Amino acid sequence: MMYDVIVVGAGHAGCEAACAAARMGSTTLLVTMNMQTIGQMSCNPAMGGVAKGQIVREIDALGGFSGVISDQTAIQFRMLNRSKGPAMWSPRVQSDRWRFAETWRLTLEQMENLHFVQSTANEVLTDSHGVTGVILQNGNKVQGKAVVLTSGTFLNGVMHIGEKQTHGGRSSEGSARGITECLNALGFESGRMKTGTPPRLDGRSLDYSQFEEQKGDEKPGKFSYQPTQALKKQRSCWISHTSEAVHDTLRASFDRSPLFNGAIQSSGPRYCPSIEDKINRFADKTSHQMFIEPEGWDTVEVYINGFSTSLPEEVQHEALRKVPGFQNARFFRPGYAVEYDYFPPTQLSHSLETKIVPRLFFAGQINGTTGYEEAACQGLMAGINAHLAVHSKDPFTLDRSQAYMGVLIDDLITKGTEEPYRMFTSRAEFRLTLRQDNADRRLTALGHSLGLIEEDQWKRFQNKMESIAQAQQWLGQQSIEPKDANKYLEEMGTAAIKQRGPLAQLVARPQLQLEGILSNLGNDVPVFSEEIWEQVEITEKYAGYIDKELEQVAKLKRLENLRIPSGFSFERITALSMESRQKLQRIQPETLGQASRISGVSPADVQILMVHLGR
């Protein structure tokens, strides 16, 4: 059978890629090493977090499924950074690990155009026009018009526990061999990265009276804009801390750590380091935080977030049992590190299609990222663009002003990465407009145009937009007299008003909240949902800042609209610095905006390019 799209790998990137391509109408084959581990949470049993929660909401707004499945399998919900401004609010759910994977598989099985095969892809097939399919482990050739590689940590994966090394990309699973060598032969550059995971323990062996309880939100929210149900009950997580005694035990065996004895040469995640790396890098710290996270509703297994390690198993036992509450801890399995191959993402275009082989797409950890959310959004974009490429349609891309997804992809292909890339709010220069609460307002119309937003969801979105417009119009028409407002304003510690004025102006005051204003000063307030009033409040309170940000977006758009011809020779422009010439020639930016963001390209270089482009 000839498939339109072949997706290799069924992790978070592969699931979203296969889902998008099939729903858009492409006959799609999902190749997975193990049908029982589709959608597996390889590391922590959670989705979202700072900046990552924004990405999950963006995936949902475009028509992906990570948010829906997170809601359906959540055991706890928290909105992080509530004490800060709305640009920093970040949703996070603790998930039921097994139900999450099961729900992903059952969701995929319901898709008409999606087929499955349990095997490993050993080689990518190409001809002079681009990719033509893959060769499976049994030697069978599968033809495909487009291929999406989402190989996770499995490409030549090697797992480390102390001095022990085994081939594999995940506990009790093998590695994928052959793809790297095949791609290298086609001219791709590859490298090695490292990640790790902590021990899993029997929660019945822990003394929770010695931990700090971390409950979910009193009024739990959810990820999806679809009518999924918010949690009515939740499971708690717990917080503990290491000590100097724990650190001393770990330090004593650093010579047996693959991180320090030379067994691991590759870069690990800077912002999620192993416990031995934290002790080494932050030698002045006598304690590090640990989170005890349940793995599901009914299981006793717990995940020890903050104690990722590749030290020998007996050292892990000895050190953890010195943490208060862990004295009798029983291990289900030890922590370990895994090294794997990746391909520097500067070899991709914004659509995630490779520059060397047409219709071959990379998504997820193969591009040097870390995290389920970063992988899932790349998978969604690669699946969309694989379908569009097969049907000879223009690629679908998002820029830095439209979504965190656009920031992530632009960072990867413009700057590259030499260590596992993780998204943060600080990476987005337009984060006041790229909030988690307005992802649907930014992206749902685009998802509908792609065919990924069903008509019932589209109608709900249109009704929501109408309600926001009506609420804003009503608020803009309200005014307030000093005699009606000043007592309340004094109680709230803000200045009195001297003359009649718009009620909306009070919303901009940091001491006041819209709910309080309306309950104390608003007469005949129209009935809208809490979500609608929240959108109105954020718009009114931050209007000036949002306007300034939109001005910056307009400036960026002007540079992004200046296209650079394909195959443009930067090397011949001798007025550019040597560094700029080399980097521009290697990365081949598509626009002047992208060129301006390449490390080493100065504003003067951008001006020179504008002259040569006739601008």
Side-chain angles (χ1 to χ4, degrees), residues 10-16 19 36-60 64-80 90-108 152 170-171 195 197-201 203 213-217 220-226 228-239 272 290-308 332-333 364-365 370-377 379-380 422-423 436:
H12 299 266
C15 287
E16 288 287 6
C19 192
Q36 307 310 313
T37 57
I38 290 174
Q40 176 96 323
M41 289 180 144
S42 304
C43 202
N44 64 315
M47 287 291 282
V50 176
K52 293 167 174 281
Q54 282 86 331
I55 288 176
V56 176
R57 297 217 91 191
E58 290 176 351
I59 291 170
D60 186 78
F65 275 79
S66 291
V68 172
I69 290 168
S70 294
D71 286 347
Q72 291 173 341
T73 60
I75 63 175
Q76 186 195 85
F77 180 94
R78 293 178 66 223
M79 184 68 76
L80 308 183
S90 301
R92 182 184 189 272
V93 298
Q94 199 70 26
S95 300
D96 187 309
R97 182 192 298 277
W98 293 273
R99 291 178 184 175
F100 185 94
E102 176 190 45
T103 306
W104 246 126
R105 174 168 171 170
L106 295 177
T107 299
L108 293 171
R170 188 162 54 202
S171 179
T195 190
T197 192
R200 271 55 158 199
L201 306 183
E213 187 174 9
Q214 186 182 53
K215 294 183 177 181
D217 287 351
K222 60 193 191 75
F223 271 122
S224 183
Y225 293 101
Q226 296 193 44
T228 53
Q229 294 297 311
L231 286 167
K232 293 181 179 177
K233 62 175 183 176
Q234 302 185 70
R235 285 203 67 178
S236 292
C237 296
W238 306 82
I239 300 174
C272 188
M290 295 162 47
F291 295 88
I292 297 92
E293 300 178 343
E295 299 245 336
W297 283 116
D298 304 313
T299 181
V300 298
E301 186 172 356
V302 295
Y303 176 93
I304 312 303
N305 197 341
F307 204 87
S308 174
F332 279 175
R333 75 168 192 246
Q365 284 174 289
T370 182
Y372 308 145
E373 304 81 4
E374 290 89 341
C377 76
L380 175 62
R422 177 179 177 178
M423 177 53 72
Q436 60 82 30

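Reckoned from all heavy atoms, side chains included, excluding hydrogens, waters and symmetry mates. Remember, predicted model here, so these are calculated numbers, not experimental data.
Between T299 and R97, every side-chain heavy-atom pair lies at or beyond the 4.5 Å cut-off. Annotation: side chain of P199 is not in contact with side chain of F332 (no heavy-atom distance under 4.5 Å). When side chains are defined from C-beta on, E58 does not count as touching C377, because their heavy atoms never get closer than 4.5 Å. Side-chain contact check for L108 versus C15: some heavy-atom pair is nearer than 4.5 Å. At a threshold of 4.5 Å between non-hydrogen side-chain atoms, the residues Q54 and E373 do not count as touching.
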Would you sort out whether Q94 and R78 count as a side-chain contact (heavy atoms from CB on, under 4.5 Å), showing the intermediate values? CA-CA 9 Å; Q94 199 70 26; R78 293 178 66 223; over 6 Å; no
Output, in order, the C-alpha distance, side-chain angles, deciding distance and verdict of side-chain contact (heavy atoms from CB on, under 4.5 Å) for M47 and M41. CA-CA 9 Å; M47 287 291 282; M41 289 180 144; 3.6 Å; yes
Could you go step by step and tell me if D298 and W98 meet the side-chain contact (heavy atoms from CB on, under 4.5 Å) rule? CA-CA 10 Å; D298 304 313; W98 293 273; over 6 Å; no
Run the salt bridge (Lys or Arg N to Asp or Glu O under 4.0 Å) check on E293 and R92 step by step: do they pass? CA-CA 13 Å; E293 300 178 343; R92 182 184 189 272; 3.2 Å; yes
Take F223 and Q436 through the test side-chain contact (heavy atoms from CB on, under 4.5 Å) and record every step on the way to the result. CA-CA 9 Å; F223 271 122; Q436 60 82 30; over 6 Å; no
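For the atom pair I304 CD1 and I292 CD1, the distance stands at 5.5 Å (nearest 0.5 Å). The structure places CD of Q365 at 5.5 Å from OG1 of T370, a figure rounded to the nearest 0.5 Å. Here the CD1-CG distance, from I69 to L106, works out to 9.5 Å after rounding to the nearest 0.5 Å. With values rounded to the nearest 0.5 angstrom, T107 atom OG1 is found 6.0 Å from Q72 atom CD. Rounding to the nearest 0.5 Å places OG1 of T37 at 9.5 Å from CZ of R105. Note that CG of N44 is 8.0 Å distant from OG1 of T197, once rounded to the nearest 0.5 Å.
Every residue two or more places apart in sequence or in another chain was checked for a side chain to side chain donor-acceptor pair (under 3.5 Å) with T103, and none qualifies. Scored by the side-chain contact (heavy atoms from CB on, under 4.5 Å) test, R235 finds I75, P294, W297 as partners (sequence neighbours excluded).
Considering every non-hydrogen atom in both P220 and A230, the closest pair reads O-CB, 3.6 Å. Between S66 and S70, the closest heavy-atom pair is O-OG, 2.7 Å. Minimum interatomic distance between R200 and S42 (heavy atoms only, all atoms of both residues): NH2-O, 3.2 Å. Closest heavy-atom contact between S95 and F100: OG-CD1, 4.3 Å. Between F307 and P198, the shortest heavy-atom contact is O-CB, 3.3 Å. In plain terms, the two heavy atoms of C43 and Y303 that are nearest each other are SG-OH, 3.0 Å.
Judged by distance alone, the side chain of D71 and the main-chain N or O of S224 form a donor-acceptor pair under 3.5 Å. Side-chain atoms of Q76 come within 3.5 Å of backbone N or O of Q214 as a donor-acceptor pair. The backbone N or O of K215 lies less than 3.5 Å from no partner atom in the side chain of Q234, so there is not a single donor-acceptor pair. The main-chain N or O of A101 is never found under 3.5 Å from a side-chain atom of Q40 such that the two would form a donor-acceptor pair. The backbone N or O of T73 lies less than 3.5 Å from no partner atom in the side chain of D96, so there is not a single donor-acceptor pair.
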